[in-house]
Amino acid sequence: MVPLPAHGIARNLSEEGKDFWKQPAEEGYRPCLDFGIEYRRASARISKEKKRFLVVVVSGGLNQQRNQIIDAVVIARILEAALVVPVLQVNHIWGDDSEFADIFDIEHFKKTLQADVRVVSSLPSTHLVSRQSIETQIPYHVHPHWIRAKFFKQLNEEGILVLKGLDSKLSKNLPPDLQKLRCKVAFHALRFATPIRELGNRLARRIWIEGSYIAIHLRLEKDVWMRTGCLTGLGPEYDAIISRDRKSHPEFLTGKLNMSYTQRHLAGLCPLNALEVARLLKALGAPRNAQLYIAGGEPFGGTRALQPLMAEFPNLVTKEMLARDGELTPYINKSSILAAIDYIISLSSDVFVPNHGGNMGRAMQGHRAYVGHRKYIKPNKRMMLPFFEDASILDAEFSSIMKKLHSKSLGQPELRTTKRDRDVIAYPVPECMFAARADVAVTNPRIWDNPSRRPYFSGQRCLIIVFGQQYWGFIAAALADMQKPPEMISGNMTAVLCIYSALFMRFSWMVQPRNHLLLAFHVSNESVQLYQLSRWAKAQGYLQQKKDEAASQ
């Protein structure tokens, strides 16, 4: 899935407005799924597996389902088993009975993963049994070694393994090849079904054609307020409804049960309400006429919940407002499909803001990074909310504070490895994206100008791009120097480059297997540098001096 192209910055904006729409620096990071040689060797066997089958039952909303499907593919790879297309459990909260093929492009899923894991639509008749045991006792953050030790013998004996309750159970710190596989599933294989993709792109174009827009994932649904244990900010009557329903469903409340509402709010455990989102956007410089797309379900309190946001930013739309002629009618009771439409429209936005993190926020963070590091404002709730409570702070000072707090959380490349247990789906750098030098020539820059045209590269293709950017830069610089007077050539530097390429030519020839690609680059560079060295020597008179000595003898 690729987004619509990012808009340029309009000239008639104030400096503050231009700064708001400005996209973060990519720092040269490009998608690159370069699987190791051992992984590729094993793929020939695993992709043809016909004896062992893994069945996975996934649950929750759309993005929970996506996470579990990603883990299911990785576990199938670990167990060297064929994966049966995951079974989507009926969502009891929203009553959505959609199946895998209703949401995702199943043929694309199979084709994309055909070199990694064999995916089948159903179990073969030889593996159908009247009673199957379902494994649900899986601890959190399990390592591949644990999975093999626990299930491989059982899978070999029975030929089938059924797993349920995979949500966030697989470790986030996997071997590099499995991390790349997670990215391949998330950003390439899990493409939405054609009708959903076409409708989502159609709605996205309707708002995109009007200019830059902000997508906000407002998690203000009733079940969110129940689970977080927070107050809605809509008044005592609404809070009383949430409190009553929460008491009748105590299992909904998750974590930090001993904290008061105020403590939970200041700790950043509550979603930002519409007023807080409006104040944050205004402080960060969002223009009043900016288009806002609201992703998510119907907020608790309806229009009243959105009123503070609409007062500051009147150009507010939802998918229901963008749709025409009953386009959404077939999906009224399909919450996962409606969430997929939100996902498509949010991915194409110029700026994305989640008000309470969650699976959608993490998925969008990683996907926007993968397609070109589009601006992603991650509210620093724990640090900023105390300033919201201080009425003595003037607007200019408040704006300065908010910009300073969020200067490093705007979607810039951020290494997953700087903090333990980060999910590669939210932080694809460095496992799934390589750092190409930004100051050298690119063999085909038009590929990178438009994120929607950027491919992902694997194996030797990654090496071609890396070497192409690194060494073509040297050659391009030398070719440019040929247009300059020879007196401007640095003899010392040119001699060093000659020795440098000679050493790498010898290395690329002696290494087994021989690296012909590296050899070709350095042969080209050596030829150019030797020519430059001869021009420099002629300009310095060294060659003429030798001719004169020969003539005198």
Side-chain angles (χ1 to χ4, degrees), residues 6-10 13-29 212-218 265-272 275-288 290 292 309 312-313 346-347 349-358 360-390 392-420 422-423 426-430 433 435 438-439 451:
H7 292 89
I9 300 175
L13 288 174
S14 64
E15 289 302 317
E16 189 178 40
K18 291 179 181 178
D19 190 56
F20 178 81
W21 293 117
K22 184 180 179 181
Q23 295 297 318
E26 296 183 7
E27 298 179 14
Y29 284 100
S212 302
Y213 70 98
I214 308 165
I216 305 174
H217 188 215
L218 275 183
H265 184 251
L266 293 177
L269 299 177
C270 297
L272 298 177
L275 177 60
E276 291 167 335
V277 172
R279 289 192 66 189
L280 175 62
L281 291 176
K282 187 177 178 181
L284 293 176
R288 177 176 170 78
L292 265 63
L309 189 57
E312 290 290 345
F313 300 95
S346 297
L347 186 62
S349 65
D350 296 85
V351 179
F352 179 81
V353 184
N355 78 330
H356 191 52
M360 168 75 162
R362 286 189 290 272
M364 194 57 59
Q365 178 181 352
H367 207 148
R368 290 175 72 84
Y370 197 76
V371 296
H373 294 281
R374 292 205 172 191
K375 196 164 191 175
Y376 177 98
I377 300 175
K378 189 175 184 179
N380 190 343
K381 290 188 285 185
R382 187 173 296 182
M383 295 296 292
M384 76 183 194
L385 287 175
F387 296 102
F388 279 63
E389 307 293 329
D390 190 345
S392 64
I393 301 177
L394 299 176
D395 288 347
E397 183 183 1
F398 181 77
S399 177
S400 177
I401 292 171
M402 290 301 107
K403 289 177 181 178
K404 186 175 181 180
L405 286 177
H406 294 90
S407 62
K408 296 183 179 180
S409 57
L410 300 176
Q412 305 95 325
E414 192 172 352
L415 297 182
R416 187 195 73 85
T417 49
T418 56
K419 288 186 181 179
R420 185 171 176 80
R422 278 182 166 176
D423 191 349
Y427 298 90
V429 179
M433 303 181 75
D439 59 334

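For the numbers below, each heavy atom of this structure counts, side chains included, while hydrogens, waters and symmetry mates do not.
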Intermediate values then yes/no, side chain to side chain contact (heavy atoms under 4.5 Å, CB included), Leu218 and Val277: CA-CA 9 Å; Leu218 275 183; Val277 172; 4.0 Å; yes

May I ask you to decide if [Y]'s main-chain N or O and [X]'s side chain share a donor-acceptor pair within less than 3.5 Å?
| X | Y | result |
| --- | --- | --- |
| Arg374 | Asp350 | no |
| Lys375 | Phe20 | yes |
| Tyr376 | Gly361 | yes |
| Arg422 | Leu415 | yes |
| Lys381 | Ala267 | no |
| His406 | Asn380 | yes |
| Glu27 | Gln412 | no |

Looking at residues at least two apart in the chain, or sitting in another chain, which of them share a side-chain hydrogen bond (donor to acceptor under 3.5 Å, both in side chains) with Glu312?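 With sequence neighbours excluded, Glu312 shows a side-chain hydrogen bond (donor to acceptor under 3.5 Å, both in side chains) to no residue whatsoever.
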
Both conditions, 6.0 Å and 45 degrees, for the charged tip of Arg279 above the ring of Phe388: are they met here?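 Satisfied, under 6.0 Å and within 45°.
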
What I want to check is whether the side chains of Glu276 and His265 have a donor and an acceptor closer together than 3.5 Å.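 His265 and Glu276 do have a side-chain donor-acceptor pair below 3.5 Å.
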
Is it the case that Ser349 and Arg368 place a side-chain donor and acceptor less than 3.5 Å from each other?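 Per modelled atom types, Ser349 and Arg368 side chains form a pair under 3.5 Å.
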
Flag the pair [X] / [Y] as yes when at least one side-chain heavy-atom distance between them is below 4.5 Å, and no otherwise.
| X | Y | answer |
| --- | --- | --- |
| Asp423 | Tyr427 | no |
| Leu281 | Ile216 | yes |
| Trp21 | Ile214 | yes |
| Asn355 | Pro379 | no |

Salt bridge check, Lys403 against Glu16: does any charged N sit closer than 4.0 Å to a carboxylate O?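 Salt bridge present between Glu16 and Lys403.
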
If I compare all heavy atoms of Pro287 with all of Gly17, which pair ends up nearest, and what's the gap?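 Looking at all heavy atoms of both residues, the closest pair is CG-CA, 4.4 Å.
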
Side chain to side chain contact (heavy atoms under 4.5 Å, CB included) for Met360 and Met364? Distances and angles first, verdict last. CA-CA 6 Å; Met360 168 75 162; Met364 194 57 59; 4.0 Å; yes

